[in-house]
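Excluded from the calculations below are hydrogen atoms, water molecules and symmetry mates; all remaining heavy atoms, backbone and side chain alike, are included. Bear in mind that the values here come from a model prediction, so they are computed numbers and not experimental data.
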Amino acid sequence: MKTSIATVSVPGTLREKLDAIAAAGFDGVEIFEQDFIADAASPRDVGAMIRDQGLEITLFQPFRDFEGLPPGPLRRRAFDRARRKFDLMGELGTDLVLVCSSVHPEALGGIDRAADDFAELGALAATHGIRVGYEALAWGRHVNDHRDAWEIVRRADHANIGLILDSFHTLGRGLDPDSIRRIPGDRIFFVQLADAPAIPMDLLYWSRHFRCMPGEGDLDVTAFTRAVMAAGYRGPVSLEVFNDQFRGGLPGPVARDGFRSLVALMDDVRRAEPGCATIMPDIPARSAVQGVGFLEFTSRGDEARDLGALLASLGFAAVARHRTKALALWQQGAIRILINEEPGDFAGSVYHARGTGICDIGLEVASARDTVARAQALGAQPFVQPLSPGQVDIPAIRGLGGSALHFLDSAQPDVWDAEFTPEPPATTTGARLTRIDHFAQTMTYGEMLSWSLFYTSLFTMAKSPMVDVTDPDGLVRSQALAGDGLRITLNGAETHRTFAGAFLADSLGAPVQHVAFATDDILATAAMLAARGFAFLPMTDNYYADLMSRFDLAPDLVAALRAHHILYDRDAGGEFFQIYSQPFAGGMFFEIVERRGDYRGYGAPNAPFRIAAQKRLMRGAAIPRE
Ligand code: MG
Ligand code: MG
């Protein structure tokens, strides 16, 4: 199937849009008339410019307020306008135009009246070699349902008149997409796709400002597209997305997100809908992440020593060193943390850009090769570094913003054996930390959709509803993604004055700001940490007084929590306990969590108190030690 995107979906000038759309991998573009009018080139030159990019013009749109006008000058003028647009389309080099249902105040209703108008328009279009597709706008004056639009097309009964379907107009009005299955596929001339978040508001406003890429919102675009394919449609699938955030973004990333969303959607449709196996090339299915294999810090000198001391206070032991690189492996339970002080390679360049921080994440999957193949089909760049002798070649990709993601599987040689020399056994008994519960990436609010699409299109992960976290200096939005062996929280900062925003301002991309380790016994862990001199993030007495009033906790439990600065939360599924480290490396921190029962959250109600405590410390108050 051909992939397409409307020029209006991508920011920039027409030329910037086309560059980005072609580079992202699309086959074609819908020309949104305004984008064309704003360009200085002639219609022929614009058409040539598009074809020079290897793109085809899949559709010209929109032609408005055509049908249902009373006989007389208004109706005559509508046909004159159509004739001029058909001539223009001939010069541009495209044969399909979108007519959206009328919102004209003088338009009259009646299926047959509209059908007669389209029969006449079909005859005119045929003389120009043009096809006309009719789309029901969700807010059309008389036609706002694809079933009515189809009835008009059916009664017009002209080979040059067909139907255009738009997932937003069908799903946004809550219409059953399965009604599309009964429409003959060859009468559907074009299909536009968009998603949207479930926010109740005026349909027109919602459509013009909040559409997003399939998979980024809450509409069931997959069910819609399955119905379209089941009807037998095999023409282009095209994104038509109006979004304020995207308009303010950069052309390249928006176009790449669009391509990623479209490939993931069509792969889902191909797998789910019988008879659709060949609508697009076979790509590997989403990978289930089994766990976090390693987190790699880039660091240097004193900062690296401080990080090692912090890990030691958390019960980690330095268990091995890389045979050829300045790379130390710290371990506890199933958690592996690397501290990379190698100057020359990727870690070194990340260190130069932003100092100590996480530069690489290793994820355990069933097949690393399949994961990379899917990521590349979705538009990700492979990540390659020259291998030194004896180094294991671990498949990797670039995340958004240039970060690195490596994929480990059981078919690979054991990299820890192959590349590392064990250190003498440590005396530490650890602190009962077992594995990585989650890590949190901080980004601008505008990047959150990109990152959630990146993860959910590549891995089997589900999104939780977005939650707002109050920082004393602004709002941070938090979106959790969870799969079996991987939980990630994405935090979108709107101002640099928030704790997350200040951390982000000093970094590139969407850095990991905190890592949460799991324990099975938070009180035992707390006691071990205290004995090791771990510096807890101090919580206020007010916090514990409030805990007593919010939850019916035994006084001695609250006393134990307070003694070790342990935070508490509870939901219908179970209980949650948290310990935070003090901030390091410009605002990073570690967290230790215990989940009891089926608690699925991340302690969001505690976040404002955690942030306030971190800010008190970052402003230079005395750092108490346990
Ligand atoms: Mg549309
Ligand atoms: Mg957390």
Side-chain angles (χ1 to χ4, degrees), residues 292 294-316 318 326-330 332 335-343 345-362 399 401-404 433 436 438-444 471 476 488-491 493 496-517 529 532-538 578-592 607 610-611 613-625:
V292 179
F294 66 83
L295 290 175
E296 181 171 333
F297 280 84
T298 178
S299 194
R300 288 293 156 77
D302 286 349
E303 291 175 28
R305 261 190 302 283
D306 290 349
L307 177 57
L310 175 56
L311 291 176
S313 75
L314 281 160
F316 284 82
L327 188 57
L329 171 61
W330 292 73
Q332 180 173 187
I335 311 162
R336 287 192 189 87
I337 291 182
L338 294 162
I339 301 181
N340 191 335
E341 295 184 72
E342 189 71 19
D345 59 6
F346 175 69
S349 63
V350 175
Y351 181 82
H352 278 298
R354 66 182 189 215
T356 293
I358 289 178
C359 62
D360 198 346
I361 297 169
S403 56
L433 306 185
I436 290 172
H438 64 275
F439 59 80
Q441 278 175 277
T442 298
M443 58 204 63
T444 63
D471 179 291
V476 175
I488 302 172
T489 59
L490 308 178
N491 297 300
H496 285 177
R497 292 167 57 231
T498 59
F499 185 69
F503 173 68
L504 185 61
D506 290 336
S507 308
L508 292 174
V512 173
Q513 187 166 14
H514 82 259
V515 180
F517 305 121
L529 297 184
R532 297 177 156 277
F534 172 77
F536 291 78
L537 179 72
Q578 300 166 280
I579 293 170
Y580 286 104
S581 78
Q582 297 187 0
F584 65 97
M588 280 199 76
F589 54 98
F590 290 119
E591 179 186 4
I592 294 144
R610 182 261 299 167
I611 293 167
Q614 288 169 323
K615 284 195 149 176
R616 276 194 296 274
L617 286 181
M618 296 287 275
R619 282 179 190 132
I623 299 180
R625 291 213 159 229

Minimum side-chain heavy-atom gap [X]-[Y] below 4.5 Å:
| X | Y | value |
| --- | --- | --- |
| Phe346 | Glu296 | no |
| Ile337 | Leu311 | yes |
| Val350 | Asn340 | no |
| Ile335 | Phe316 | yes |
| Leu490 | Met443 | yes |
| Pro538 | Leu617 | yes |
| Val292 | Phe439 | yes |
| Phe517 | Ile436 | yes |

Look at the side chain of [X] and the backbone N and O of [Y], then say whether any donor-acceptor pair between them is shorter than 3.5 Å.
| X | Y | value |
| --- | --- | --- |
| Ser313 | Phe534 | no |
| Gln578 | Ile592 | no |
| Glu342 | Ala326 | yes |
| Gln332 | Leu433 | yes |
| Arg336 | Leu329 | no |

**Message:** Show, in sequence, the C-alpha distance, side-chain angles and deciding distance for His352 and Arg300, and conclude whether the side chain to side chain contact (heavy atoms under 4.5 Å, CB included) test is met.
**Reply:** CA-CA 10 Å; His352 278 298; Arg300 288 293 156 77; 4.2 Å; yes
**Stepwise side chain to side chain contact (heavy atoms under 4.5 Å, CB included) test for Arg354 and Thr298** = CA-CA 10 Å; Arg354 66 182 189 215; Thr298 178; 5.9 Å; no
**Request:** Run the numbers on Phe589 and Leu537 for side chain to side chain contact (heavy atoms under 4.5 Å, CB included), then give the verdict.
**Result:** CA-CA 10 Å; Phe589 54 98; Leu537 179 72; over 6 Å; no
**Message:** For the residue pair Tyr580 / Gln614, report whether a side-chain donor-acceptor contact shorter than 3.5 Å exists.
**Reply:** no
Of all the heavy-atom pairs spanning [X] and [Y], show the shortest one and how long it is.
| X | Y | result |
| --- | --- | --- |
| Ser299 | Ala304 | OG-N, 3.1 Å |
| Gln582 | Phe536 | NE2-O, 2.8 Å |
| Ala500 | Thr442 | O-CG2, 3.5 Å |

**Asked** Would you call the rings of His514 and His438 parallel, tilted or perpendicular if under 30° counts as parallel and over 60° as perpendicular?
**Response**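 If you compare the ring of His514 with that of His438, the planes turn out perpendicular.
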What is the distance from atom [atom1] of [X] to atom [atom2] of [Y], rounded to the nearest 0.5 Å?
| X | Y | atom1 | atom2 | answer |
| --- | --- | --- | --- | --- |
| Ile358 | Leu338 | CD1 | CG | 10.5 Å |
| Arg610 | Lys615 | CZ | NZ | 10.5 Å |
| Met618 | Ile611 | CE | CD1 | 12.5 Å |
| Leu307 | Phe584 | CG | CZ | 5.5 Å |
| Asp360 | Phe297 | CG | CZ | 12.0 Å |
| Ser581 | Leu529 | OG | CG | 10.5 Å |

